[in-house]
Amino acid sequence: MKIALIGYGKMGKAIETIALAEGHEIVLKISSTNLYDFTNANIQQADVCIEFSTPHTAFENIKKCLLAGVPTISGSTAWLHQLEEIYTICRAQDTAFLYASNFSIGVNLFFQINEYVAQLMQPYHEYHVSMEEIHHTAKKDAPSGTAVTLAEGILKHHAGLAKWVNQTTDNPNEMAIISKRIDPAPGTHTIFYNSPIDSIEIKHTAHSRMGFAYGALLAAKFICDKKGIYSMKDVLA
Ligand SMILES: NC(=O)c1ccc[n+]([C@@H]2O[C@H](COP(=O)([O-])OP(=O)(O)OC[C@H]3O[C@@H](n4cnc5c(N)ncnc54)[C@H](OP(=O)(O)O)[C@@H]3O)[C@@H](O)[C@H]2O)c1
């Protein structure tokens with residue numbers, strides 16, 4: 001598989017290591033210093049684009065890859081208010097797109113565990129739900145995309161909660177997400193159900209970036225010969 005890496009930072013480099021070890025070819029690497037190489041012709045050398053850049057550059061990068069007609073996956077966070085626009089471009093170009101707030105297989109299992117626990121806890125109003133996410137200090141956005149996905153999974157099953165907020169809260173209609181930035185944490189997410197008499201916690205801890213990189217490569221292999229819009233649920237089905 002010929003791969004274009006759009007964003008060649010911590011994630012781009014981790015994906016490159018695994019892709020080369022599996023015998024794939026990296027035909028394009030884009031960071032902020034060589035944007036002049038990010039041309040239609042260069043993108044079209046690739047079977048798939050893997051986009052991990054920044055919250056402010058992700059949308060334009062993904063758009064450019066899709067307009068070049070190349071199946072694209074993205075893991076960049078904090079641009080999702082423009083997701084529908086990307087879906088529209090993807091359909092119009094008759095190509096493929098997959099977004100995951102977290103590509104790790106363990107986290108995608110954790111998403112399902114989270115929803116199962118949220119359903120189970122639904123009738124027990126004495127439990128107050130909250131979340132903590134810990135990432136390295138270079139992380140540019142808060143809360144993490146993974147925390148937002150987890151929060152949405154909880155709100156879906158919890159009629160008493162109207163929204164999540166990225167701070168502590170005394171409002172019983174809000175779920176607090178507390179973001180901590182501590183090096184070198186690649187990503188830890190804990191969901192707490194606290195009642196006056198006991199507490200229940202579920203927690204996922206990433207030990208390195210490799211889990212995200214393996215999952216991203218798996219998704220790239222899945223999407224490279226497809227058309228349409230997919231999620232990690234399709235990859236892991
Ligand atoms: N979904 C997941 O599983 C997952 C996992 C980990 C991280 N993430 C997210 O993925 C993103 C990247 O994470 P990271 O840890 O790799 O960050 P990083 O180390 O800061 O790398 C970001 C890369 O983007 C490049 N970049 C900046 N502007 C660009 C532009 N206009 N076009 C293309 N590339 C550009 C940077 O280039 P310079 O170095 O030249 O500035 C750098 O190579 C973040 O949003 C992060 O939250 C997602």
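Order of appearance sets the numbers: ligands from 1, and atoms from 1 within every ligand.
- Atom OG1 of residue Thr168 and atom CD1 of residue Ile177 lie 12.5 Å apart, to the nearest 0.5 angstrom.
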- Task: Begin with the C-alpha distance, continue with both residues' side-chain angles, and end with the deciding distance and a verdict on side-chain hydrogen bond (donor to acceptor under 3.5 Å, both in side chains) for Ser76 and Glu51.
- Result: CA-CA 7 Å; Ser76 296; Glu51 201 280 339; 2.7 Å; yes
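- Across Asn102, Thr146, Asn61, heavy-atom proximity to atom 33 (C) of ligand 1 is greatest for Asn61.
- When ring centroids are compared, His135 and His189 come within the 6.0 Å threshold.
- At a distance under 4.0 Å, no protein heavy atom can be found next to atom 39 (O) of ligand 1.
- Note: Ile178 CD1 to Thr190 OG1 = 12.0 Å, rounded to the nearest 0.5 Å.
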- Task: Show your reasoning for whether side-chain hydrogen bond (donor to acceptor under 3.5 Å, both in side chains) applies to Asn166 and Ser179.
- Result: CA-CA 7 Å; Asn166 195 207; Ser179 299; 3.0 Å; yes
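- Taking distance alone, with nitrogen or oxygen atoms compared against 3.5 Å, Leu35 stays at or beyond that limit from ligand 1.
- Heavy-atom contacts of Lys140 reach the following atoms of ligand 1: 20 (O) (cutoff under 4.0 Å).
- Between Tyr127 and Tyr124, the ring-plane angle classifies as perpendicular under the 30° and 60° cut-offs.
- Close contacts of ligand 1 with Lys139, meaning ligand atoms under 4.0 Å from a residue heavy atom, involve 47 (O).
- Among all non-hydrogen protein atoms, the one lying nearest atom 47 (O) of ligand 1 is Thr77 OG1, 2.8 Å.
- Contacts with ligand 1 closer than 4.0 Å are made by side-chain heavy atoms of Thr57 only, the backbone lying farther away.
- Protein heavy atom in closest approach to atom 41 (O) of ligand 1: Ser32 OG, 3.2 Å.
- Of all the heavy atoms of Phe103, the ones lying under 4.0 Å from any atom of ligand 1 are found in both the backbone and the side chain.
- Of all atoms in ligand 1, listed by their number and element, those nearer than 4.0 Å to a heavy atom of Ser76 are 10 (O), 45 (O).
- Cluster membership check: Leu20 shares its hydrophobic cluster with Met210, using side-chain heavy-atom separations under 4.5 Å among Ile, Leu, Val, Met, Phe, Trp and Tyr.
- Within ligand 1, counting atoms from 1 as listed, the ones closer than 4.0 Å to a heavy atom of Ala100 are 1 (N).
- In summary, of the residues considered (Leu161, Leu150, Val165), a side chain to side chain contact (heavy atoms under 4.5 Å, CB included) with Met175 occurs for Leu161 alone.
- Proximity to Ile30 (heavy-atom distance under 4.0 Å) selects the following atoms of ligand 1: 33 (C), 34 (N).
- Using a 4.0 Å heavy-atom cutoff, Lys13 is absent from the residues neighbouring ligand 1.
- Counting only heavy atoms of the protein, atom 21 (O) of ligand 1 lies nearest to Gly9 CA, 3.3 Å.
- The aromatic rings of Tyr230 and Phe222 sit perpendicular to each other, their planes meeting at more than 60°, with 30° as the lower class boundary.
- With respect to atom 4 (C) of ligand 1, the closest heavy atom belonging to the protein is Phe52 CE2, 3.6 Å.
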- Message: Walk me through whether Ser144 and Thr146 qualify under side-chain hydrogen bond (donor to acceptor under 3.5 Å, both in side chains).
- Response: CA-CA 5 Å; Ser144 68; Thr146 304; 4.5 Å; no
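- Ring pair Trp79/Phe59 is tilted by interplanar angle, where 30° to 60° counts as tilted.
- Applying the salt bridge (Lys or Arg N to Asp or Glu O under 4.0 Å) test between Glu133 and each of Lys139, Lys180, Arg181 identifies Arg181 as the sole match.
- The single protein non-hydrogen atom nearest to atom 44 (C) of ligand 1 is Ser53 O, 3.7 Å, given as residue, atom name and distance.
- For the residues Ser101, Pro186, Gly75, Ser144, the heavy atom positioned nearest atom 9 (C) of ligand 1 is part of Gly75.
- Here Glu25 contributes atom CD and Lys2 contributes atom NZ; the two are 5.5 Å apart, rounded to the nearest 0.5 Å.
- The nearest heavy-atom contact from the protein to atom 7 (C) of ligand 1 is Met11 CG, 3.7 Å.
- Checked by distance only, ligand 1 and Tyr8 come closer than 3.5 Å through their nitrogen or oxygen atoms.
- We find the CZ-CD1 distance between Arg209 and Ile15 to be 11.5 Å, quoted to the nearest 0.5 Å.
- Heavy-atom proximity to Thr54, at under 4.0 Å, picks out these atoms of ligand 1: 27 (C).
- Below 4.0 Å from some heavy atom of Ser31 lie the following atoms of ligand 1, by number and element: 34 (N), 37 (O), 40 (O), 43 (O).
- Of the protein's heavy atoms, Lys10 NZ, 4.1 Å lies nearest to atom 17 (O) of ligand 1.
- Contact annotation for Ala58 and ligand 1: no heavy atom of the residue comes within less than 4.0 Å of the ligand.
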